[in-house]
Each structure stands twice: as C-alpha cells, then as structure tokens.
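Here's the structure we're looking at; comments come further down.
Both backbone and side-chain heavy atoms feed into the values below; hydrogens, waters and symmetry mates do not.
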Amino acid sequence: MKFRRIGEYRPEYLENVQKHQVLEFAKRFLKKFDNLLRTVKEQQPKTLADYAVSLETRYKELVKTDHLALRKVDVSPIITELTCLREFPHLASLYINYHIQFLKLPEDEKWNKEKVEITERVFLRSALIPQYTNLQVLTTTIPRDEAIRIFKHHADDYIREALADKEDRLQDIDEFHEDTIRDDPNNSAWERIVGEVEDGKLIIRKECCYWDEALDDLTDRELKYLVCCYGDFANIRSVNKSFKLTMEHTIARGDPYCDCVVYDTRITKDIKHPSKEFFDSIWPLADKE
C-alpha cells in the first residue's frame with residue numbers, strides 16, 4: 001500500500017485566534033454536562049446526589065471569580081431545558097464560571113453581549129478541562145472502572161442524540177479519503193500519513209495532536225484520552241452512518257501517534273485493526289506531498 005504524508009506540524013497553531021459568544025459557548029457544554037448527570041442518574045441513581053455535592057465542592061475550590069454575578073447574568077433561563085442540571089443551579093453557575101475563567105478576559109470585556117477573541121489553546125482548555133474535572137471527580141465518587149464505564153456510556157449517548165437528525169456529511173469512503181488528503185488551511189497543520197482506500201478501509205496515522213498539547217498539564221493519561229479521543233468512535237458516524245473507526249494507540253494516551261482505521265461497513269465486515277508493527281513501519285513508506 002502507498003502512503004502520503006499530508007500537512008506539517010506548526011507549533012504556532014494553538015495561538016490562532018477565533019471568535020466566540022461566551023454564553024452560547026457555555027450553553028453547548030452545559031448540555032453535555034447535563035447528559036453526564038443524566039447518565040449517572042440512570043446508571044447509578046443513588047450516586048447522583050453525592051456526585052453533585054462532590055462537584056460543587058471541587059468547583060468552589062477552582063472558581064476564583066463569580067463572572068455571572070458581576071455581569072448580572074441569571075443562569076435559570078440558560079438551564080431551564082436541562083432536565084438534570086436545572087436541579088443544581090448553583091453547580092451550573094460554578095460550571096459556567098469555570099469555563100469563563102479559562103478565557104482570561106479583560107474586566108471591561110462585554111462578553112455577555114458580544115463575541116470575544118480567544119486563542120485555539122484557550123478554547124480547547126476551556127472546553128476540555130471541565131470535562132476532565134467532571135470525570136476525575138466521578139472516579140473519586142464511585143470505583144474508577146465504573147466511573148469510566150458510565151463516562152463512555154454518556155459520550156456515546158450524547159453523540160447519538162446530537163447526530164440523530166443529521167444527514168451524512170460524505171457519501172462514501174472514497175470521498176472521505178479525498179477529504180482527508182486535502183491540504184487546505186483547515187487541515188495543513190495536522191500532520192498525518194494517509195494510505196489508499198483498499199477493500200472499504202482507510203488507514204491514517206496522525207503524527208500530532210494539538211488537543212494533547214493544549215492539555216499538557218493534565219497528568220492522568222487515561223482520563224485525558226477519554227476526554228480527547230473516546231468520542232471519535234461515535235463521531236465518525238457524523239461523516240457517514242455506515243462508517244466505523246478502530247484506534248488502539250493515541251497521542252493523548254502517551255503514544256507517539258494515533259493509529260486510525262476507518263471502515264465503510266457497506267463494503268467490508270472485516271473489522272480487524274492492523275498491528276503496532278504495521279503502523280510503526282508506515283513512516284519510511286510515506287512521501288511528502
């Protein structure tokens with residue numbers, strides 16, 4: 001099989017600036033947080049109250065400023081449709097404040113009304129570290145194996161709900177291959193080695209991960225992997241509902257690369273992940289485009 005090396009790692013990528021409306025940004029992650037609480041309630045009903053108390057305790061330690069109070073933002077309308085989180089409005093306020101805290105906005109920033117500029121690094125930390133914290137607290141509330149099982153169930157359920165009414169973004173594995181090798185501004189900083197489509201399968205070795213780099217201070221590799229990577233297994237269905245992903249090594253978990261195989265299950269039922277030795281051998285075969 002022939003491989004091509006696409007893109008090139010750029011250390012400055014994490015300093016790219018983007019614009020966000022802070023409360024809309026926070027609402028998106030409140031919805032995900034609510035799904036986690038709902039999953040805990042469904043899977044271990046007696047655990048939810050203790051978990052909520054533990055979360056409040058942890059976020060009180062982490063949150064330094066009540067940004068919502070300073071801007072007189074009422075959290076009630078924001079959480080009215082969140083079936084679990086609306087039972088814990090103080091926790092919801094703490095959670096939003098923790099997101100905002102990462103943005104390090106000037107005191108005169110009108111973030112409750114206008115879009116603000118934040119770097120890619122800040123965006124990722126604000127989006128992912130609260131999820132890591134939620135999982136970390138869950139592992140101290142119930143046995144770690146059970147906490148991880150519940151978190152995975154939550155991630156699968158949240159993505160399934162999000163994709164329920166969405167159309168396939170791409171029609172087949174060949175179109176996905178073309179999208180993967182396209183070296184446009186959105187892809188050019190993500191260095192990867194890409195094979196050809198064979199028997200409905202596409203092999204990709206990802207050489208860098210800015211998510212892992214942005215979270216370089218998080219020490220629990222397993223929890224970081226779950227927050228950064230686990231959703232990929234369900235998210236591949238946003239590309240096409242017939243696609244399936246296998247991945248056994250990831251940079252977030254401490255491996256030197258991410259070994260990804262995407263299968264079009266309409267073409268192949270042979271879901272067999274190649275060996276580590278195979279992925280190790282890809283680099284010498286790759287030519288820079």
Side-chain angles (χ1 to χ4, degrees), residues 17-45 47-119 122-138 141 150-151 153-166 227 231 235 238:
V17 173
Q18 50 185 282
K19 287 187 176 183
H20 287 281
Q21 209 294 320
V22 173
L23 288 178
E24 291 303 315
F25 174 64
K27 285 178 190 176
R28 174 174 151 198
F29 294 105
L30 278 175
K31 187 175 181 181
K32 194 167 189 177
F33 187 24
D34 184 70
N35 183 282
L36 174 61
L37 294 175
R38 192 170 73 232
T39 303
V40 171
K41 185 176 182 179
E42 291 169 354
Q43 297 286 313
Q44 284 211 9
T47 297
L48 181 61
D50 289 342
Y51 182 43
V53 169
S54 296
L55 284 167
E56 282 207 24
T57 300
R58 182 61 179 141
Y59 281 118
K60 283 177 183 176
E61 295 170 352
L62 293 170
V63 172
K64 308 305 180 186
T65 303
D66 191 341
H67 300 279
L68 297 181
L70 288 173
R71 290 290 190 279
K72 298 180 180 179
V73 175
D74 181 8
V75 75
S76 300
I78 299 174
I79 63 173
T80 186
E81 295 182 2
L82 303 179
T83 56
C84 253
L85 203 50
R86 69 189 179 200
E87 298 178 26
F88 307 101
H90 185 53
L91 176 57
S93 294
L94 287 166
Y95 198 64
I96 295 175
N97 275 311
Y98 192 48
H99 276 286
I100 294 172
Q101 185 168 292
F102 280 100
L103 307 184
K104 299 178 181 178
L105 301 172
E107 289 186 9
D108 60 349
E109 184 74 66
K110 297 178 181 178
W111 56 260
N112 54 321
K113 296 179 180 178
E114 301 172 0
K115 288 187 175 182
V116 300
E117 291 189 345
I118 58 176
T119 66
V122 167
F123 170 82
L124 289 171
R125 290 181 65 79
S126 178
L128 297 172
I129 292 181
Q131 295 180 55
Y132 177 94
T133 304
N134 293 340
L135 178 52
Q136 193 175 47
V137 172
L138 188 58
T141 307
I150 287 176
F151 184 85
H153 191 284
H154 139 72
D156 291 338
D157 183 65
Y158 178 77
I159 294 169
R160 184 166 51 248
E161 284 185 359
L163 299 181
D165 300 321
K166 292 192 175 180
V227 168
N235 265 324
S238 68

Closest approach of [X] and [Y], non-hydrogen atoms and distance?
X      : Y      : answer
Gln21  : Glu114 : NE2-O, 4.0 Å
Arg58  : Thr133 : CG-CG2, 4.0 Å
Ser93  : Val75  : OG-CG1, 3.4 Å
Asn97  : Leu68  : OD1-N, 3.2 Å
Ile118 : His20  : CD1-CD2, 3.7 Å
Ile79  : Pro89  : CD1-CA, 3.9 Å

Pairwise side-chain contact, [X] with [Y], heavy-atom cut-off 4.5 Å (strictly under):
X      : Y      : value
Phe88  : Leu55  : no
Leu48  : Cys84  : yes
Val116 : Lys19  : no
Thr39  : Tyr158 : no
Leu37  : Leu85  : yes
Glu56  : His90  : yes
Tyr51  : Leu36  : yes
Lys104 : Val122 : no

List the steps, then state whether side chain to side chain contact (heavy atoms under 4.5 Å, CB included) holds for Gln18 with Glu117. CA-CA 6 Å; Gln18 50 185 282; Glu117 291 189 345; over 6 Å; no
Can you list the residues that meet the side-chain contact (heavy atoms from CB on, under 4.5 Å) rule with Leu70, with sequence neighbours excluded?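 Residues passing side-chain contact (heavy atoms from CB on, under 4.5 Å) with Leu70: Thr65.
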Quick one: which residue pairs count as a salt bridge (charged side-chain N to carboxylate O under 4.0 Å, His left out) with a foot in residues 26-41, not counting sequence neighbours?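 Of all non-adjacent pairs touching residues 26-41, those that pass salt bridge (charged side-chain N to carboxylate O under 4.0 Å, His left out) are Glu24-Lys27, Asp34-Arg38, Arg38-Asp157, Arg38-Glu161, Lys41-Glu87.
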According to salt bridge (charged side-chain N to carboxylate O under 4.0 Å, His left out), does anything in residues 127-138 pair up with another residue at least two apart or in another chain? List the pairs.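 Checked against salt bridge (charged side-chain N to carboxylate O under 4.0 Å, His left out) - neighbours excluded - no pair reaches residues 127-138.
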Taking the six-membered ring for Trp and the full ring for Phe, Tyr or His, determine whether the centres of Tyr98 and Phe102 are under 6.0 Å apart.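 Yes; Phe102 has its ring centre under 6.0 Å from that of Tyr98.
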In Å, rounded to the nearest 0.5 Å, how long is the span from [atom1] of [X] to [atom2] of [Y]?
X      : Y      : atom1 : atom2 : result
Lys110 : Leu105 : NZ    : CG    : 14.0 Å
Arg71  : Lys113 : CZ    : NZ    : 9.5 Å
His99  : Ile129 : NE2   : CD1   : 10.5 Å
Ser54  : Gln136 : OG    : CD    : 12.0 Å
Ile100 : Glu109 : CD1   : CD    : 11.5 Å
Gln131 : Phe29  : CD    : CZ    : 6.5 Å

Assess whether side chain to side chain contact (heavy atoms under 4.5 Å, CB included) is satisfied between Tyr95 and Leu30, documenting all intermediate values. CA-CA 8 Å; Tyr95 198 64; Leu30 278 175; 3.7 Å; yes
Is a donor from one side chain sitting under 3.5 angstrom from an acceptor on the other, for Tyr59 and Asn134?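 Per modelled atom types, Tyr59 and Asn134 side chains form a pair under 3.5 Å.
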Is there a donor-acceptor contact under 3.5 Å from the side chain of Arg86 to the main chain of Thr80?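 Here the side-chain-to-backbone pair exists.
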Where the side chain of Gln101 meets the backbone of Leu62, is there a donor-acceptor pair that is under 3.5 Å apart?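 Yes, the answer is positive, given that a donor and an acceptor are paired below the 3.5 Å cut-off.
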Above 12 or not: heavy atoms from other molecules or residues under 6.0 Å from CD of Glu61?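 Yes, CD of Glu61 has more than 12 neighbouring heavy atoms, counting only those of other groups under 6.0 Å.
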Please say whether more than 12 non-hydrogen atoms of neighbouring residues, nucleotides or ligands are located less than 6.0 Å from CD in Glu81.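 Open.
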Let's go through Phe123 and Phe25 carefully: what are the C-alpha distance in whole Å and the side-chain angles of both, what is the deciding distance for ring pair (Phe, Tyr, Trp, His ring centres under 6.0 Å) to 0.1 Å, and is it a yes or a no? CA-CA 10 Å; Phe123 170 82; Phe25 174 64; 5.4 Å; yes
